[in-house]
Every structure is written in C-alpha cells, then in structure tokens.
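Per chain, numbering begins at 1; letters A, B, ... match sequence-line order. Given the structure is predicted, the values throughout are model-derived calculations rather than measurements.
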Protein chains: 2
Amino acid sequence: MEIMIDIEDSTPLFAQLIEQIKKAVLDDKIKPGTALPSIRQLASDLQLNTKTVAKAYRLLERDSVIQTRGYRGTFVHPDAKANCKVDLNEWVTDKLSGMISTFRESGVTDSEIRIAFANVMNNRSI
Amino acid sequence: MEIMIDIEDSTPLFAQLIEQIKKAVLDDKIKPGTALPSIRQLASDLQLNTKTVAKAYRLLERDSVIQTRGYRGTFVHPDAKANCKVDLNEWVTDKLSGMISTFRESGVTDSEIRIAFANVMNNRSI
DNA sequence: ATTTGTACCGTGTGGTGTAATGGTACAACA
DNA sequence: TGTTGTACCATTACACCACACGGTACAAAT
C-alpha cells in the first residue's frame, strides 16, 4: 500500500490518511478481509504519532470501512467498498445547511446561531 | 427608566440591556408608544459605547419590541408586551438540540459536527 | 445647528476547539 | 515475550469568534 502524507497540505494528517485508505479500497488496491498494518507500524512508516493513526482507524471503523478484531489486528471490512461511498459528513452538512437557512430567513443573527450551537454542544441548557 | 449594568457580570453588556428593557416593558414601566432615550444618550448615561447600545436596539427592533422611526428616535412597539415573550433563541436552541442528538446517535463525532457547522456558516461548500 | 439611527474603518482581549505531539499502562491474543 | 487496539495523563501551536472599545461620516429630521 503506497500512502503519501503531505505535511505541507493544510488538510489534517488523520484526514489525509482516511482519504487515502478509502481510495485504496475503492481502487481495489486493498481488498476486503485483508489485514492492515498495525497502528504502531503505520505510524512508524509514515513518521506519524500513533495517536494520529489511531484516530484515522477509529473513524474508519465507525464508517464500517475497516474492522478491528480485538487484539488480533485490523482488517478491511467485508462491505468496505460500499461503505466508502456513504458520506456521513455530507448528510450532516445538508441537514445543518437547511436548518441554518431557515434561521437566517427568520432574522436570527449568525452570532446568535453560533452561540446557541455552542450551548447545545456543551449541554448548557440555555 | 432605571437600568443597572453590571460590568462584573459575565453576561454580555448588550444582553443585559435587552433583558432590562424587556423587563421594563413587561412591568409596564415603559409603555407602548413611549420614546426611548437615544443611543448616544443611553450610552452616555450607562457609560457604555454607543455601539453596544446600538446592538441592543437593533436586536430589540428585530424582535419587534421597539421601533426606530428613521431619524426621529426610537419608540416602544405597539405590541411590545406580547413580543417580549417570543424567544427566538429558545426556538433555535431546541431545533439545533434535536438535530445534534440525531447526529450523535448516528455516531457522528462532535468534532465532525463542529466542522460541518463552521463550513455551512462560512458558505464553504465542502 | 443639533440630534437622530446607521454604517464604515479599525484594535485588543479572552474563550474555546482542533490538531498533533509526548509518555505510560492495560488486557487479550499468538 | 512481543504485539495488538485502546485508554489515560499531559503540552504546544494555531485559528476562529464574541465582545467591547474608538473614531469618523452620512442623510434626514427637528
């Protein structure tokens, strides 16, 4: 697997990793069931911190692109190719976009929207 | 009109102003049609910047609690008492809260929600 | 001439979240 | 024993935004 990380790129390192692994799956360069390099191994190869790689793996597993089998390693998910195409972020963006448009049309200030958002995210009730 | 601003309070100054004017309206201390002090006048009285007072007035007018009549001054809105009770922020908070709960239940990270939100607010289309 | 609301330029402070780094430790596997 | 994913402690640098401030200027009303 050839993975190139560009430190100069403004895209976060963990995001670059996710992109490239997804691309490799879609291009059939790594097939379902295949074992992926361990977190420590990949971090060492790419000169990254283990936590950066762990973060990428964690998100990839949430999206069912990979599977971690306890202490036995990490493998490509059986339905990886299909799950690569499901874009959770796009769904979130669309839903938010619609709601925020409604707010703005009702005269709500961007500043007010931001503050309400921050409050909700922190479970501060009003 | 007796308005007290507490600089020590963590509540933003403009928000304190809004609260107190609304309270004065609800308590019948200032009645619909009455003229309010000018922005410069009130800022001077309360030792505030004119912009801080202007911000409070702008939001109060959006909520139809007051009315600015061009260059003739600012007056209490005819339906001020009723409009004081409409809380736009509460509506925004409720709507956002529901949507964010849905996101979280779907496994979306708080970090991802924040990033998507920032993108939408800045009209950056991914 | 003065006052009105409004709009524009700007500065500075403080809070908050992200990203990435370091180190250490654990239980479960081979 | 060595490796696996994972969890915890922490720090650094960076960026965004809210809030409040200062100054200046304008057209329309009194």
Can you find a side chain N or O atom of [X] that sits less than 4.0 Å from OP1 or OP2 on [N]?
X	N	value
B:Asn122	D:dC16	no
A:Arg58	D:dT6	no
B:Thr68	C:dT4	no
B:Thr74	C:dT4	no
B:Lys51	D:dG22	no

>> Which heavy atom of A:Asp6 sits nearest to which heavy atom of A:Leu13, and what is that distance?
In response: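 Reported closest heavy-atom pair: O-CD2, 4.3 Å.
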> Looking at B:Arg104 and A:Met121, what are the two nearest heavy atoms and their distance?
Replying inline: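 Minimum heavy-atom contact is NH2-O, 3.1 Å.
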Could you check how far [atom1] of [X] sits from [atom2] of [N], rounded to whole Å?
X	N	atom1	atom2	result
B:Phe117	D:dC16	CZ	P	15 Å
B:Leu59	C:dG5	CG	C1'	15 Å
A:Ile39	D:dA7	CD1	P	10 Å
A:Asn49	D:dT6	CG	P	15 Å
A:Ile115	C:dG15	CD1	C1'	12 Å
A:Leu13	C:dA19	CG	P	10 Å
B:Ile7	C:dT13	CD1	P	18 Å
A:Leu17	C:dA20	CG	C1'	13 Å

>> Heavy-atom nearest nucleotide on DNA chain C for B:Ser38 versus B:Asp110: which residue maps closer to 5'?
In response: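 Per heavy-atom nearest nucleotide, the more 5' residue is B:Ser38.
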>> Please verify the inter-ring angle class for A:Trp91 with B:Phe103; under 30° counts as parallel, over 60° as perpendicular, anything in between as tilted.
In response: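 Aromatic pair A:Trp91/B:Phe103 classed perpendicular.
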Compare the minimum distances between each of [options] and the side chain of [X], then state the nucleotide with the smallest one.
X	options	result
A:Thr52	D:dA27, D:dC19, C:dT21	C:dT21
A:Arg72	C:dT21, C:dT6, C:dA30	C:dA30
A:Tyr57	D:dG5, C:dT18, C:dG5	D:dG5

>> Any side-chain to backbone donor/acceptor pair from B:Asp27 onto B:Lys29? Under 3.5 Å, distance only.
In response: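 No; judged by distance alone, with no hydrogens or angles, the pair does not exist.
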> Below 3.5 Å, does any donor atom in the side chain of A:Arg40 face an acceptor in the base of D:dG5, or the other way round?
Replying inline: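 Yes.
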> Do B:Arg69 side-chain and C:dG5 base share a donor-acceptor contact under 3.5 Å?
Replying inline: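 When only heavy-atom distances are counted, B:Arg69 does not reach the base of C:dG5 through any donor-acceptor pair under 3.5 Å.
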> With nearest nucleotides of DNA chain D determined for A:Ser111 and A:Gly70 from heavy-atom distances, which residue corresponds to the more 5′ nucleotide?
Replying inline: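 The residue mapped nearer the 5' terminus is A:Gly70.
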> A:Gln41 and A:Ser38: side-chain donor and acceptor closer than 3.5 Å?
Replying inline: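 No pair is found: no donor N or O on one side chain lies under 3.5 Å from an acceptor on the other.
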